[in-house]
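Notes for the one structure printed next.
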Amino acid sequence: MAVKIRLQRHGKKNFAFFHIVVADSRSPRDGRFIEQIGSYNPNTNPATIVLNSERALAWLKVGAEPTLTARRILSYEGVLLRHHLDGGVAKGALTQEAADKKWNDWKAQRDAKIEARKTGIKNAAIEARKAAKAEETKVNEARAEALAKRAAEAAAAKAAEAAAEAAEAVDEAPAEEAAEATA
């Protein structure tokens, strides 16, 4: 029986998440499986991976073949590196302590990289919000300036209209006085 470590699709259309399962290669993709060893959610940034590393390593040691995507996930989680180091220990090329040290160093480096990415994403979101707020403030100031300009123009137009009416009244008054004087 050929055993594969592969993904089993769940979720709704355009929003899938996956279970990482060990299954017979002849069974359907979302069908029968031997053991579920984790889950993978690509919808988050960075993708969320929950994996039982010990069970995945045990299945690799007995000959389970991961699919391409499952292989990338196992590599990302360090299971394949651990399998490789255990092979070196079994052959006598490494001691268990040296293999553990290499794996712990790699794990610390990977965790630091993931944390840096998370903080980078968070900082980028904060910067985007600040930029959007600055842009909104700029637009609001431009609108307020335009409203003030319109109000000033309206006040100037009213003043000009009042001055014109006053001038008209002044022009009419001497004409009336002249008419009264002739009568």
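Values reported hereafter were calculated over all heavy atoms of this structure, with side chains retained and with hydrogens, waters and symmetry mates removed. Values in this document were obtained by computation on a predicted structure and should not be read as measured data.
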How about [X] and [Y]: do any of their side-chain heavy atoms sit closer than 4.5 Å?
X    : Y    : answer
R143 : N140 : yes
R129 : I126 : yes
K4   : V21  : no
L74  : S53  : no

- Determine, for D86 against K61, whether the closest basic-nitrogen to carboxylate-oxygen distance falls under 4.0 angstrom.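 The answer is yes: the pair qualifies as a salt bridge.
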
- Can you hop from V139 to L147 via hydrophobic side chains spaced under 4.5 Å?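 No; tracing contacts between hydrophobic side chains, which count when under 4.5 Å, never links both residues.
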
- Applying the 4.5 Å side-chain criterion to the ILVMFWY set and letting contacts propagate, would V22 and I20 be lumped into a single cluster?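 V22 and I20: one cluster.
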
Considering all heavy atoms of both residues, which atom of [X] and which atom of [Y] are nearest to each other, and what is their separation?
X   : Y   : result
A70 : R6  : CB-CA, 4.2 Å
A99 : L94 : CB-CD1, 4.3 Å
T95 : V89 : O-CG2, 3.8 Å
D24 : A2  : OD1-O, 3.1 Å
R55 : I37 : CB-CG2, 3.9 Å
A16 : N41 : O-OD1, 4.2 Å

Let me confirm one number: the [atom1]-[atom2] distance from [X] to [Y], rounded to the nearest 0.5 Å.
X    : Y    : atom1 : atom2 : answer
R29  : F18  : CZ    : CZ    : 7.5 Å
W106 : L85  : CH2   : CG    : 10.5 Å
H19  : Q36  : NE2   : CD    : 5.0 Å
K122 : E127 : NZ    : CD    : 13.5 Å
N43  : F15  : CG    : CZ    : 4.0 Å
W59  : I34  : CH2   : CD1   : 4.5 Å

- Query: Distance only, no hydrogens: is a donor on one side chain within 3.5 Å (strictly under) of an acceptor on the other, for R72 and T67?
  - Reply: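 Short answer, no.
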
What do you reckon, is [atom1] of [X] surrounded by more than 12 foreign heavy atoms closer than 6.0 Å?
X    : atom1 : result
K101 : NZ    : no
E153 : CD    : yes
H84  : NE2   : no
L68  : CG    : no
R32  : CZ    : no

- Message: So, using side chain to side chain contact (heavy atoms under 4.5 Å, CB included) as the criterion, who are the partners of S75 when residues are at least two apart?
- Response: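 With sequence neighbours excluded, S75 shows a side chain to side chain contact (heavy atoms under 4.5 Å, CB included) to L80, given in chain and number order.
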
- Task: Please list, chain by chain and in numerical order, all residues satisfying side chain to side chain contact (heavy atoms under 4.5 Å, CB included) with I49, sequence neighbours excluded.
- Result: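 Testing I49 for side chain to side chain contact (heavy atoms under 4.5 Å, CB included), a comparison that skips the adjacent residues, returns Y40, L51, I73, Y76, E77.
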
- Query: Can you tell me if D30 uses its side chain to pair, donor with acceptor, with the backbone of R9 under 3.5 Å?
  - Reply: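 Side chain of D30 to backbone of R9: a pair is present.
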
- Query: Side chain of S27, backbone of G31: donor and acceptor closer than 3.5 Å?
  - Reply: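 Checking the backbone N and O of G31 against the side chain of S27, no donor-acceptor pair under 3.5 Å is found.
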
- Task: Sequence neighbours left out, what passes side-chain hydrogen bond (donor to acceptor under 3.5 Å, both in side chains) with Q96? Give chain and number order.
- Result: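 Per chain and number, Q96 pairs via side-chain hydrogen bond (donor to acceptor under 3.5 Å, both in side chains) with D100.
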
- Would you check, one step at a time, whether the test side chain to side chain contact (heavy atoms under 4.5 Å, CB included) holds for R117 with N45? CA-CA 9 Å; R117 183 170 179 197; N45 191 7; 3.4 Å; yes

